Amino acid sequence: LSLSTNEICVDGGLVNITSAITNSVAVVAPAYSTNAPAAALVGSQFDPSKAGVGTWTITYTPKAANGGCVGATVTQTIIVNPLPTPAITVAPSNDVCEGTVVTLTATGGATYQWYKNGTALTGEISDKLTLSAATESGSYTVMAITAEGCDQLSAPEVITIYPNPVASFTMPQGCSVAGDVFDASASRVNGGHTLTYVWDLGDGKGPLAPSATPTIAVPAYATAGPKTITLTVTSSGNGCSATTTATYQYNGTVPVAAFT
């Protein structure tokens, strides 16, 4: 009595059972039996998915075609191994700004294979996967593999890494005239997100309220001299932000000549 395999995963497919008679006596068609659930044995095949996890015995007693004499009973043992139960934990969050390291940790297996959008990631076979770039956004799964070689794919975790904006602005000349502005039109963010602008104009009034407009008028400073200008831009994509600072040399307002 022999089996096509004596150890298999519960989802490994049908196992073929074969028997042979060594003394050339003609026998009736083999009738096999098992201590596994009855549905596991169909003719000369054993179905591990019907048997379930465990160690099972398959038994065969040959019976001569002429006279009905029976031979010695022979057995084979088959081990049906369970599938792993893979899971992924994500830290600190599924949605982060670029540069923040996202760590995916797999459990449930002895070894692993990570996938992004259904494609295996070459060399990513440890229990951890780290991401930090916006281009790494996607749906991640992990294949957990047991010591016995049984494998199962996890549920997906969708990771979105939002691009950080770039803060930039231009300043007018030092001698202020009506209509002068600080202009943040050069600030930008990828991914189709919009920006809001928060200014601190160095006039002691602190950060101003957020605005969707990239320009702001130069204030009427009380004194001449260097003014620290700070711009913070915030993206509509997960609130990612960037800040830049520059010194504006304010030399007062341009005098207006007049006489009578």
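Source: prediction; values computed, not measured. All residue numbers refer to positions in the sequence shown, counting from 1.
- P165 places a side-chain heavy atom less than 4.5 Å from the side chain of C240.
- Here the side chain of N117 pairs no donor or acceptor atom with the backbone of G138 at under 3.5 angstrom.
- By the side chain to side chain contact (heavy atoms under 4.5 Å, CB included) test, T141 is found to be paired with Y115, L153, S154, P156, residues two or more places apart in sequence or in another chain being considered.
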Show which side-chain atoms of residues 119-133 pair as donor or acceptor with protein atoms under 3.5 Å away, not counting sequence neighbours.
| unit_1 | atom_1 | unit_2 | atom_2 | d |
| --- | --- | --- | --- | --- |
| S126 | OG | K128 | N | 3.2 |
| S126 | OG | K128 | O | 2.9 |
| K128 | NZ | T105 | OG1 | 3.2 |

Going through the distances and angles, do I229 and D200 end up as a side chain to side chain contact (heavy atoms under 4.5 Å, CB included)? CA-CA 6 Å; I229 312 300; D200 186 330; over 6 Å; no
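- Taking the side chain as every heavy atom from C-beta outward, Y197 and T215 never approach each other to under 4.5 Å.
- Put simply, the side chain of T89 does not reach to within 4.5 Å of the side chain of T107, judged on heavy atoms.
- Of the inter-residue distances, the one linking C150 atom SG with I145 atom CD1 reads 10.5 Å to the nearest 0.5 angstrom.
- With hydrogens and angles ignored, the 3.5 Å screen pairs no side-chain donor or acceptor of E157 with any backbone N or O of Y140.
- Annotation: side chain of I21 is in contact with side chain of P62 (closest heavy-atom distance under 4.5 Å).
- Q45 has its side chain out of reach of V15: every pair of non-hydrogen atoms, C-beta onward, lies at least 4.5 Å apart.
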Indicate every side-chain donor-acceptor pair of residues 68-76 with a distance under 3.5 Å to a residue at least two apart or in another chain.
| unit_1 | atom_1 | unit_2 | atom_2 | d |
| --- | --- | --- | --- | --- |
| T73 | OG1 | T61 | OG1 | 2.6 |
| Q76 | OE1 | N6 | ND2 | 2.9 |
| Q76 | NE2 | L1 | O | 2.8 |

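- In this structure, the ring-ring contact (aromatic ring centres under 6.0 Å, His included) partners of Y60, at least two apart in sequence or on a different chain, are Y32.
- Residue V28 belongs to no hydrophobic cluster, having no ILVMFWY side-chain heavy atom closer than 4.5 Å to its own.
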- [ ] Assess whether side chain to side chain contact (heavy atoms under 4.5 Å, CB included) is satisfied between T228 and T245, documenting all intermediate values.
- [x] CA-CA 7 Å; T228 300; T245 299; 3.4 Å; yes
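- By the 30° and 60° cut-offs, the orientation of the rings of Y248 relative to F182 is perpendicular.
- Clustering ILVMFWY residues whenever any of their side-chain heavy atoms sit less than 4.5 angstrom apart, transitively, puts I159 in the very cluster that holds Y112.
- Counting heavy atoms from C-beta outward, P207 and T232 have side chains that stay 4.5 Å or more apart.
- Atom CG of L83 is separated from atom OG1 of T146 by 8.0 Å, given to the nearest 0.5 angstrom.
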_Is there a side chain to side chain donor-acceptor pair (under 3.5 Å) between D95 and S93? Walk through the geometry before answering._
CA-CA 5 Å; D95 300 291; S93 171; 4.9 Å; no
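- Remark: D203 CG to Y250 OH distance equals 11.0 Å, nearest 0.5 Å.
- Clustering of Ile, Leu, Val, Met, Phe, Trp and Tyr by side-chain heavy atoms under 4.5 Å joins Y162 with none of the others.
- Between V233 and V189 the shortest side-chain heavy-atom distance does not fall below 4.5 Å.
- Criterion: ILVMFWY side-chain heavy atoms under 4.5 Å apart, direct or through other members. Under it, V198 and L201 are not part of a common hydrophobic cluster.
- For the pair L231 and W199, the minimum side-chain heavy-atom distance is below 4.5 Å.
- Hydrophobic cluster membership is shared by Y221 and F169, with clusters built from Ile, Leu, Val, Met, Phe, Trp and Tyr side chains linked at under 4.5 angstrom.
- The backbone N or O of S168 lies less than 3.5 Å from a partner atom in the side chain of S187, making a donor-acceptor pair.
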